[in-house]
Amino acid sequence: KKWIKDHFAEADIYGETRFESLPEISTRAIRNFNKEEYKRLVKEYCYQDKDKDDDESFIKNLQKTLNPKGQPERFKNYHKYVCIVKADGDRVGKYIKSIDSDYEKNLSDLSRSLYDWGIESARLITDYAGVPVYIGGDDVLFLAPVVGKNEQTILELARDLNKSFERNFEVLPVRIDKEDNVPIKPTLSFGISITYYKYPLYEALEKADELLYKAKETRNTCSVSLLKHSGSSFDISISNDENDKNSEAFQKVNQFFVDDQSFVSSIMHHFRENE
């Protein structure tokens, strides 16, 4: 606990230096709708000893509080799910190997750009309502709700992180791939594991690793897996390139997934019928 207090900047809703539980992270974006009641529920169900924590009661009572009869629903089904996100740079090693002069300056400039990107990434993640675990070099691991502040989705956050990564490489000299004789453009790939708040965290982390490995096969890709509470799963890989036709089409229908929860099931059934 002392080490966390000395080194960890995140604070929970009480201002306590503490790594929040998964249901707290999954509901971070909605905790201000009824802040006092949210704080009371955290205190009652999430501050107990290990054997006494009651995540299920926390979620049930929060849902009841935020969805009173006759009022717009604040608590959505996706607030029961949490994202484990891993990201890694593509072609960064090749970019470094292409440096053929003034190594000290060029490596120093590269380190500065990656450091600046890390600082900006931490800000983007926390502004979204996510919790960074580590950011070092071109590696990132964080936990986050499916939908963050300002109704931003986890896929939109991944796109913002990717754009920030590209911007920080644009200030560096262009390097040429000696094999293909084309400019080396480092990008980011993501593995995003979305699981029910009760699902074992270690297994969700392993799934994020698998997804990241898959995404890096095509590079500049976001591979996502949604494992539902029922046990069924839905996997998809989307290019981070906004000019990609599949990515463009996905962005057009993306809002339907937020506005109409039945849309997800409809799409899955339609794909299966036309497999």
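Heads up: numbering here begins at 1 and tracks the sequence.
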Do the side chain of D12 and the main chain of G15 share a donor and acceptor less than 3.5 angstrom apart?
yes

Rounded to the nearest 0.5 Å, the CD1 atom of I59 sits from the NZ atom of K80 at a distance of 7.5 Å

Quiz prompt | Side-chain donor-acceptor pair present, S223, S237, cut-off under 3.5 Å | solution = yes

Applying ring-ring contact (aromatic ring centres under 6.0 Å, His included) to Y197 and not counting sequence neighbours gives none

Pairing of D55 and K198 as salt bridge, 4.0 angstrom limit
no

**Message:** Any salt bridge linking E37 with R40? Criterion: basic side-chain nitrogen under 4.0 Å from a carboxylate oxygen.
**Reply:** yes

Output for pair (K76 NZ, T27 OG1), nearest 0.5 Å, gives 15.5 Å

*Are L155 and I236 co-members of a hydrophobic cluster defined by side-chain heavy atoms under 4.5 Å apart?*
yes

Residues passing the side-chain contact (heavy atoms from CB on, under 4.5 Å) test with N61, sequence neighbours excluded, are L41, Y45, S57

query: Does E203 use its side chain to pair, donor to acceptor, with the backbone of P200 at less than 3.5 Å?
result: no

Applying side-chain contact (heavy atoms from CB on, under 4.5 Å) to K105 and not counting sequence neighbours gives D102, D109

Original post:
Under a 4.0 Å N-O cut-off, is there an ion pair linking E16 with K43?
Top reply: no

Does the side chain of T195 come under 3.5 Å of the side chain of S193 through a donor N or O and an acceptor N or O? no

Scanning both residues in full, the closest heavy-atom pair of R159 with S247 reads NH2-OG, 3.0 Å

For F190 and A158, the nearest pair of non-hydrogen atoms, with its separation, is CZ-O, 3.3 Å

Result block: side-chain N/O donor-acceptor pairs under 3.5 angstrom for residues 170-188, not counting sequence neighbours:
residue : atom : partner : partner atom : Å
R175    : NH2  : N106    : OD1          : 2.9
D177    : OD1  : E179    : N            : 2.9
D177    : OD2  : R91     : NH2          : 2.8
D177    : OD2  : K94     : NZ           : 3.4
T187    : OG1  : D90     : OD2          : 2.9

Residues passing the side-chain contact (heavy atoms from CB on, under 4.5 Å) test with K60, sequence neighbours excluded, are E56

The salt bridge (charged side-chain N to carboxylate O under 4.0 Å, His left out) partners of K149 (sequence neighbours excluded) come to none

F33 meets the side-chain contact (heavy atoms from CB on, under 4.5 Å) criterion, sequence neighbours left out, with I30, L66, R74

If you draw a 6.0 Å radius around OH in Y14, do more than 12 non-hydrogen atoms from other residues or ligands fall strictly inside? yes

OG (S189) and CG (L212) are apart, to the nearest 0.5 Å, by 7.0 Å

Tracing side-chain contacts under 4.5 Å among Ile, Leu, Val, Met, Phe, Trp and Tyr outward from L227 reaches Y199

Distance col, row I84:CD1 vs D209:CG, nearest 0.5 angstrom, shows 11.0 Å

Q: Please lay out, stage by stage, how Y38 and F58 fare under the test ring pair (Phe, Tyr, Trp, His ring centres under 6.0 Å).
A: CA-CA 9 Å; Y38 187 95; F58 171 74; 5.6 Å; yes

Hits for salt bridge (charged side-chain N to carboxylate O under 4.0 Å, His left out) against D160, two or more places apart or cross-chain, chain-then-number order -> none

Report the C-alpha distance between F19 and I25 in whole Å, list the side-chain angles of each, state the deciding distance to 0.1 Å, and finish with yes or no for side chain to side chain contact (heavy atoms under 4.5 Å, CB included).
CA-CA 9 Å; F19 203 99; I25 293 173; 4.0 Å; yes

Original post:
Same cluster or not: are L161 and L211 linked, directly or through other Ile, Leu, Val, Met, Phe, Trp or Tyr residues, by side-chain heavy atoms under 4.5 angstrom apart?
Top reply: no

Please examine the side chains of L157 and Q152, heavy atoms only from C-beta on, and report whether any two atoms are closer than 4.5 Å. yes

Here the gap from K86 atom NZ to K207 atom NZ, rounded to the nearest 0.5 Å, amounts to 14.5 Å

* **Ring-face cation of K228 near Y196 (centre distance under 6.0 Å, axis angle within 45°)** => no

Original post:
Does some side-chain heavy atom of D88 sit less than 4.5 Å from a side-chain heavy atom of Y213?
Top reply: no

Donor-acceptor list for residues 119-134 side chains, cut-off 3.5 Å, not counting sequence neighbours:
residue : atom : partner : partner atom : Å
E120    : OE1  : S164    : OG           : 3.1
E120    : OE2  : R167    : NH2          : 2.8
S121    : OG   : W117    : O            : 2.8
S121    : OG   : W117    : NE1          : 3.2
R123    : NH1  : D127    : OD2          : 3.3
T126    : OG1  : A122    : O            : 2.8
T126    : OG1  : R123    : O            : 3.1
Y128    : OH   : P145    : O            : 2.8
Y128    : OH   : V146    : O            : 2.8
Y128    : OH   : G148    : N            : 3.3
Y128    : OH   : I154    : N            : 3.2

Just do the side chain to side chain contact (heavy atoms under 4.5 Å, CB included) check on D244 and I238 with the steps written out, would you?
CA-CA 9 Å; D244 179 84; I238 308 161; 6.0 Å; no

Salt bridge (charged side-chain N to carboxylate O under 4.0 Å, His left out) filter on R219, not counting sequence neighbours, yields none

Heavy-atom closest pair (E20 atom, I13 atom, distance to 0.1 Å) is OE2-N, 4.1 Å

Please determine whether a side-chain nitrogen of the Lys or Arg among E24 and R28 lies less than 4.0 Å from a carboxylate oxygen of the Asp or Glu. no

- prompt: Can you tell me if S108 and S111 form a side-chain donor-acceptor pair at under 3.5 Å?
  reply: no

query = Is any side-chain heavy atom of F234 less than 4.5 Å from a side-chain heavy atom of I194?
reply = no

Closest non-hydrogen contact found for I135 with V140 is CG2-CG2, 4.1 Å

- Do the side chains of L201 and V82 get nearer than 4.5 Å, heavy atoms only? no

Distance col, row T221:OG1 vs K214:NZ, nearest 0.5 angstrom, shows 10.0 Å

In short, N77 meets Y81 closest at the heavy-atom pair O-CD1, 3.6 Å

**Item:** Check: T65/N34 side-chain N/O donor and acceptor closer than 3.5 Å
**Value:** no

For residues 89-109, the ring-ring contact (aromatic ring centres under 6.0 Å, His included) pairs (sequence neighbours left out) are Y95-F169

Is there a side chain to side chain contact (heavy atoms under 4.5 Å, CB included) between V224 and D235 once you walk through the steps?
-> CA-CA 6 Å; V224 187; D235 293 9; over 6 Å; no

Would you mind reporting whether I96 and L110 have side-chain heavy atoms less than 4.5 Å apart? yes

